[in-house]
Amino acid sequence: MSKKLSHLKQVLKTILLFLGILTLLSAVCYYAILRLNPTSIYVGALMMCPTLSAFITLKLMKRPISSLSWGLKSLKNLRLSYLIPVTYIMISYILIWVIGFGDVINQETITEWSQELGMEGFSSTIILLTMIVLLSIVGVVKNIGSTLGEEIGWRGFFIYELRKLFSFGTVSIISGLIWAIWHWPIIFLIYKGSGNLLLHITAFTVMIVAISVILAYYTFKSNSLWPAALFHSVHNIFIQKIFTPLTITNDRTTFWIDEYGLMLPIITTLFAIYFWRKAKVENL
């Protein structure tokens, strides 16, 4: 019994230490973002905080960084971690366009892409296809450098510590809520004064918790942090760089589009229910 209690205390100490270090590091980055300038370099530093916190925690607990789930035995879960976010994003935006919460295709975005690619004078279709292909490959790979800053900490370390104490579902919810709350100051910066701050925070939180179920599934299924890093990168690129910019907005769009609208939380929750049940069947 004393051995069990000692193990419990050690795990709790590790989790609280990680969260404490994360809070301190993130506070510095949020000060820079909110008080100095919301520039990408400060946001990039913020995204590295979970991983740095995990590394410092491991060092203080006298555990090697090599103990994290660096390996990857099969590419199957990696492929699925690419396809799943593409699928729920496509479903969400197609519904937004069909229902009339937004329209497609935003010609201003096509014009910007043509200038970025040096393809002025080419047809819109060629510009569209070229940019989507480049973003879905080069953009995703490039962005993994940023998402690893989060995922080594969240999925490579944090959920494995939680798993020592809780079931799959509880791990998903706790990690999702903490992950969402960690983002809240950014949402406040984006939507302060809009009158819809609570809606956007709630929508984002529901979406993040739902995604956390899927990420936990693929992390535990593969025993690797790489599917989560790829999933996170694909999610960011396809929403922020492809589907949202291609959408023509109207007076209802802000309530439904992007990570802070209502459509993605609805669709990702349906996906999360499926993966929650799948994890239960597979005893994850």
Side-chain angles (χ1 to χ4, degrees), residues 18-57 85 89 109 112-113 116 131 134-136 138-158 175-194 196-212 215 225-226 228-247 254 257-261 264-265 268:
F18 168 76
L19 293 176
I21 295 167
L22 177 64
T23 301
L24 289 173
L25 293 179
S26 299
V28 173
C29 293
Y30 270 124
Y31 175 83
I33 293 168
L34 299 173
R35 295 291 184 181
L36 302 180
N37 188 15
T39 183
S40 62
I41 198 72
Y42 292 147
V43 175
L46 177 68
M47 291 182 73
M48 291 184 65
C49 288
T51 290
L52 290 175
S53 301
F55 286 172
I56 295 169
T57 300
I89 292 165
T109 296
E112 289 173 7
W113 285 358
E116 186 177 346
M131 186 56 102
L134 287 173
L135 285 171
S136 63
V138 180
V140 166
V141 172
K142 185 179 177 182
N143 193 53
I144 285 176
S146 295
T147 58
L148 270 174
E150 288 194 45
E151 293 305 333
I152 292 171
W154 295 128
R155 253 58 61 173
F157 173 77
F158 186 49
S175 62
L177 286 173
I178 291 173
W179 190 25
I181 292 167
W182 182 72
H183 283 89
W184 283 2
I186 290 286
I187 307 173
F188 177 81
L189 177 65
I190 296 170
Y191 289 105
K192 67 176 179 180
S194 71
N196 300 314
L197 179 62
L198 183 59
L199 167 72
H200 294 306
I201 284 180
T202 303
F204 180 83
T205 301
V206 171
M207 183 200 69
I208 285 291
V209 171
I211 289 172
S212 294
L215 287 170
L225 58 85
W226 292 104
L230 178 61
F231 185 110
H232 192 160
S233 181
V234 171
H235 173 94
N236 286 356
I237 291 294
F238 273 78
I239 293 174
Q240 298 167 12
K241 301 295 185 181
I242 299 177
F243 281 90
T244 293
L246 284 174
T247 302
T254 186
I257 201 173
D258 211 79
E259 297 176 298
Y260 314 107
L264 274 164
T268 53

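Counting begins at 1 with the first residue of the sequence. The analysis underlying the following values was restricted to heavy atoms, covering all of them including side chains, and did not include hydrogens, waters or symmetry mates.
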Roughly how far, to the nearest 0.5 Å, is the CG atom of Asn196 from the OG1 atom of Thr202? 11.0 Å
Side chain to side chain contact (heavy atoms under 4.5 Å, CB included) assessment of Thr147 paired with Asn236: CA-CA 9 Å; Thr147 58; Asn236 286 356; 4.0 Å; yes
Is it the case that the side chain of Thr268 and the backbone of Ala210 share a donor-acceptor pair, with hydrogens and angles ignored and the cut-off at 3.5 Å? no
Spacing of Cys29 atom SG and Leu24 atom CG [to the nearest 0.5 Å]: 11.5 Å
Taking the side chain as every heavy atom from C-beta outward, state whether Glu259 and Gln240 have any atom pair closer than 4.5 Å. yes
Pick one: which of Val141, Leu135, Val140, Leu134 meets side-chain contact (heavy atoms from CB on, under 4.5 Å) with Val138? Leu134
For a quick test of reading the model, state the closest non-hydrogen atom pair linking Ser53 to Leu25 and the distance between them. OG-CD1, 3.6 Å
Would you indicate whether the side-chain heavy atoms of Leu148 and Thr51 approach each other to under 4.5 Å? no
Does the plane of the ring in Phe18 sit parallel, tilted or perpendicular to the ring in Phe157? Use 30° and 60° as the thresholds. tilted
Using the six-membered ring of Trp226, assess whether NZ or CZ of Arg155 lies under 6.0 Å from its centre and within 45 degrees of the ring axis. no
Please give me the minimum heavy-atom distance between Pro185 and Leu34, naming the atom from each residue. O-CD2, 3.9 Å
Give a yes or no on this: more than 12 heavy atoms of other residues, nucleotides or ligands lie within 6.0 Å of atom CZ of Phe188. no
I'd like to know if the side chain of Tyr30 reaches the main chain of Trp182, judged simply by a donor and an acceptor atom lying under 3.5 Å from each other, with no hydrogens or angles considered. yes
Indicate yes or no for a side-chain donor-acceptor contact from Thr205 to the backbone of Ala180 under 3.5 Å, with no hydrogens or angles considered. no
Closest contact, heavy atoms only, Glu150 versus Pro50: O-CB, 3.6 Å
Enter the distance from Leu19:CG to Ser26:OG here, rounded to the nearest 0.5 Å. 10.0 Å
Let's go through Thr57 and Ile21 carefully: what are the C-alpha distance in whole Å and the side-chain angles of both, what is the deciding distance for side chain to side chain contact (heavy atoms under 4.5 Å, CB included) to 0.1 Å, and is it a yes or a no? CA-CA 8 Å; Thr57 300; Ile21 295 167; 3.7 Å; yes
CD1 of Ile144 to OG of Ser233, rounded to nearest 0.5 Å, is 5.0 Å
Hey, what do you get for CD (Glu151) to CG (Leu215), rounding to the nearest 0.5 Å? 5.5 Å
Take Tyr260 and Leu199 through the test side chain to side chain contact (heavy atoms under 4.5 Å, CB included) and record every step on the way to the result. CA-CA 8 Å; Tyr260 314 107; Leu199 167 72; over 6 Å; no
Return the minimal non-hydrogen interatomic distance between Pro265 and Ala203, and the atom names on each side. CG-O, 3.1 Å
Nearest heavy-atom contact between Asp258 and Ile239 is OD1-CG2, 3.7 Å
Give a yes or no on whether Ile41 atom CD1 has more than 12 heavy-atom contacts from other residues, nucleotides or ligands under 6.0 Å away. no
Which heavy atom in His232 sits nearest to a heavy atom in Trp179, and how many Å separate them? CE1-CZ2, 3.6 Å
So, the side chain of His235 versus the backbone of Pro85: is there a donor-acceptor pair under 3.5 Å, distance only? no
Ring pair (Phe, Tyr, Trp, His ring centres under 6.0 Å) for Trp184 and His200? Distances and angles first, verdict last. CA-CA 10 Å; Trp184 283 2; His200 294 306; over 10 Å; no
To the nearest 0.5 Å, tell me how far Thr109 OG1 sits from Ile242 CD1. 11.5 Å
Between Trp154 and Ser175, does the side chain to side chain contact (heavy atoms under 4.5 Å, CB included) criterion hold? Intermediate values first, please. CA-CA 8 Å; Trp154 295 128; Ser175 62; 6.0 Å; no
